[in-house]
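Note sheet for the following structure.
These numbers come from a predicted model, not from an experiment.
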Amino acid sequence: MKIAVLGPGGIGSTFAFELARAGHEVTVVARGKRLEQLQRDQAIVTVSGERAAVRVSAALDTTTEWDLVLVTVLVSQVDAVLPALAASAAKTVMFMFNTFEPLGRLRDAVGSSRFAFGFPAILATLDEGKLSSEIVTRGLLTTVTDAAWAKVFTDAGIPAVVHADMESWLRTHAALVVPVMIASVTAHARGAGVSWSEATRLARAMDEGFHLVRLLGNTLTPAPVAMVSRLPIPVLASLLWTISRLDPVRKTGAAGYGEPRTLIDAMAAAAPGEIPALLAIRP
């Protein structure tokens with residue numbers, strides 16, 4: 001298949017690497033230093049030296065009938081690429097990033113017949129352009145709205161499942177991960193885990209996020225995260241305190257506070273005045 005990956009950071013590069021190794025014709029669309037490095041390598045290169053050959057472009061070719069354009073930019077960057085996606089001849093456009101906003105705007109931009117959304121169960125970073133990634137193969141797997149692409153990803157080594165209510169899934173996930181992200185960035189910056197008082201504040205914010213999801217009429221999903229939402233604050237605080245001391249989690253904190261800040265702002269816009277605990281932890 002002809003697949004374009006728009007935004008080859010850690011997540012996009014992992015998909016590009018695995019899909020290319022599975023035999024698909026993959027083009028990565030990048031900019032800045034990442035573009036320069038990919039143009040030199042003409043491949044996704046891992047920290048262990050493995051290579052997967054890809055084509056490289058500075059812009060999406062809107063005339064190509066891509067089987068899939070996989071959009072792995074941050075939600076704050078998606079508006080800049082929407083015109084090209086709308087004009088593209090792609091058969092399917094799958095957005096894949098954290099968001100709390102309703103999905104209707106993105107669906108309308110590319111057309112409901114070719115719209116898809118997904119979320120990766122992958123921990124990935126780029127170290128001087130070299131990819132380090134861990135693909136989750138058990139438990140909460142990569143989740144998408146399209147069964148055909150779930151199979152393609154699974155066959156390529158990224159186990160994926162289908163969820164019918166992706167908006168509820170994404171909002172639940174945002175409530176879960178915003179405090180985790182803030183804990184990881186804090187731990188990365190100081191080289192040590194968060195304190196118990198910090199963990200407790202983050203736990204209260206997580207609980208408030210779950211309440212917001214229900215307030216907006218969404219379902220807490222999937223089931224394992226719904227179970228987490230029922231845990232007492234001290235238990236949530238203990239979990240946050242613990243994971244902030246895990247090296248893989250701390251390493252992801254290098255991405256900075258931008259994404260959790262954007263998600264909190266989207267939550268505040270969805271329900272003004274309803275999230276004081278989340279606003280209190282906004283970096």
Side-chain angles (χ1 to χ4, degrees), residues 11 74-76 78 95-106 117-123 136 139-145 161 163-187 194 197-244 246 249 252-253 255-283:
I11 298 301
L74 296 175
V75 63
S76 58
V78 74
F95 299 91
M96 187 172 280
F97 45 70
N98 267 317
T99 185
F100 198 81
E101 298 175 2
L103 301 183
R105 182 174 71 92
L106 300 176
F117 208 103
F119 195 86
I122 297 170
L123 285 174
V136 176
L140 293 175
L141 303 177
T142 293
T143 303
V144 298
T145 55
V161 296
H163 198 292
D165 185 3
M166 202 65 195
E167 184 169 293
S168 287
W169 194 103
L170 288 162
R171 285 183 161 177
T172 304
H173 183 263
L176 175 73
V177 300
V178 161
V180 174
M181 287 179 178
I182 292 174
S184 70
V185 178
T186 302
V194 299
S197 62
E198 289 171 327
T200 300
R201 290 176 63 227
L202 292 168
R204 291 195 182 103
M206 183 181 292
D207 183 68
E208 183 177 79
F210 289 136
H211 174 75
L212 175 62
V213 174
R214 292 190 294 264
L215 179 68
L216 294 173
N218 294 106
T219 302
L220 288 173
T221 187
V225 184
M227 291 176 61
V228 171
S229 74
R230 295 192 287 271
L231 295 175
I233 298 295
V235 176
L236 291 176
S238 179
L239 290 172
L240 288 161
W241 186 92
T242 300
I243 65 174
S244 73
L246 300 177
V249 174
T252 64
Y257 288 118
E259 192 169 7
R261 186 183 298 122
T262 298
L263 288 170
I264 291 173
D265 289 346
M267 292 175 176
E274 296 291 340
I275 58 165
L278 278 160
L279 291 174
I281 65 165
R282 183 185 184 278

task = With side-chain contact (heavy atoms from CB on, under 4.5 Å) as the test, would you mind laying out the steps for Phe100 and Val178 before giving the verdict?
result = CA-CA 11 Å; Phe100 198 81; Val178 161; over 6 Å; no

request  = Show your reasoning for whether side-chain contact (heavy atoms from CB on, under 4.5 Å) applies to Leu103 and Leu170.
outcome  = CA-CA 10 Å; Leu103 301 183; Leu170 288 162; 3.9 Å; yes

key: Residues Glu198, Ser244; criterion side-chain contact (heavy atoms from CB on, under 4.5 Å); working and verdict   = CA-CA 11 Å; Glu198 289 171 327; Ser244 73; over 6 Å; no

task = Take Leu239 and Leu231 through the test side-chain contact (heavy atoms from CB on, under 4.5 Å) and record every step on the way to the result.
result = CA-CA 10 Å; Leu239 290 172; Leu231 295 175; 3.9 Å; yes

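With contacts defined as side-chain heavy-atom distances shorter than 4.5 Å, the pair Thr262/Val75 qualifies. Here the side chains of Thr145 and Phe117 are in contact, with some heavy-atom distance below 4.5 Å. Between Val228 and Leu236 there is a side-chain heavy-atom pair separated by less than 4.5 Å.
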For a quick test of your reading: what N or O donor-acceptor pairs under 3.5 Å do the side chains of residues 217-226 make, sequence neighbours left out?
residue	atom	partner	partner atom	Å
Asn218	OD1	Arg171	NH1	2.8
Asn218	ND2	Ser168	OG	3.2
Thr221	OG1	His163	NE2	2.8

Side-chain donor-acceptor contacts of residues 199-208 below 3.5 Å, not counting sequence neighbours, with atom names and distances?
residue	atom	partner	partner atom	Å
Thr200	OG1	Trp196	O	2.9
Arg201	NH2	Ala280	O	3.0
Glu208	OE1	Ala277	N	3.0
Glu208	OE1	Leu278	N	2.7
Glu208	OE2	Ala277	N	3.0

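Between Ile182 and the options Val177, Ile264, Leu240, a side-chain contact (heavy atoms from CB on, under 4.5 Å) holds for only Ile264.
Partners of Phe210 according to the ring pair (Phe, Tyr, Trp, His ring centres under 6.0 Å) rule, which considers only residues two or more places apart in sequence or in another chain, do not exist here. Here Glu259 pairs with nothing under the salt bridge (charged side-chain N to carboxylate O under 4.0 Å, His left out) rule; sequence neighbours left out. For Ala268, the side-chain contact (heavy atoms from CB on, under 4.5 Å) test picks out Ile275, Leu279, with sequence neighbours left out. In this structure Glu101 satisfies the side-chain hydrogen bond (donor to acceptor under 3.5 Å, both in side chains) test with no other residue, sequence neighbours excluded.
The structure places OG of Ser184 at 8.0 Å from CD1 of Ile243, a figure rounded to the nearest 0.5 Å. Atom CD of Glu167 is separated from atom CG of Asp165 by 7.0 Å, given to the nearest 0.5 angstrom. Rounding to the nearest 0.5 Å gives a distance of 7.5 Å between CD1 of Ile11 and CZ of Phe119. Summarising the geometry, atom CG belonging to Leu140 is positioned 7.0 Å from atom CH2 belonging to Trp169; distances are rounded to the nearest 0.5 Å. How far CG of Leu216 is from NE2 of His211: 9.5 Å, rounded to the nearest 0.5 Å. To the nearest 0.5 Å, atoms NE2 (His173) and CE (Met166) are separated by 9.0 Å.
Pairing each heavy atom of Gly273 with each of Pro276, the nearest pair is O-CD, 4.3 Å. Nearest heavy atoms, Pro272 versus Ala270: CD-C, 3.9 Å. Across all non-hydrogen atoms, the minimal contact from Val180 to Leu176 is CG2-O, 3.5 Å.
Checking side-chain atoms of Ser238 against main-chain N and O of Pro234 turns up no donor-acceptor pair under 3.5 Å.
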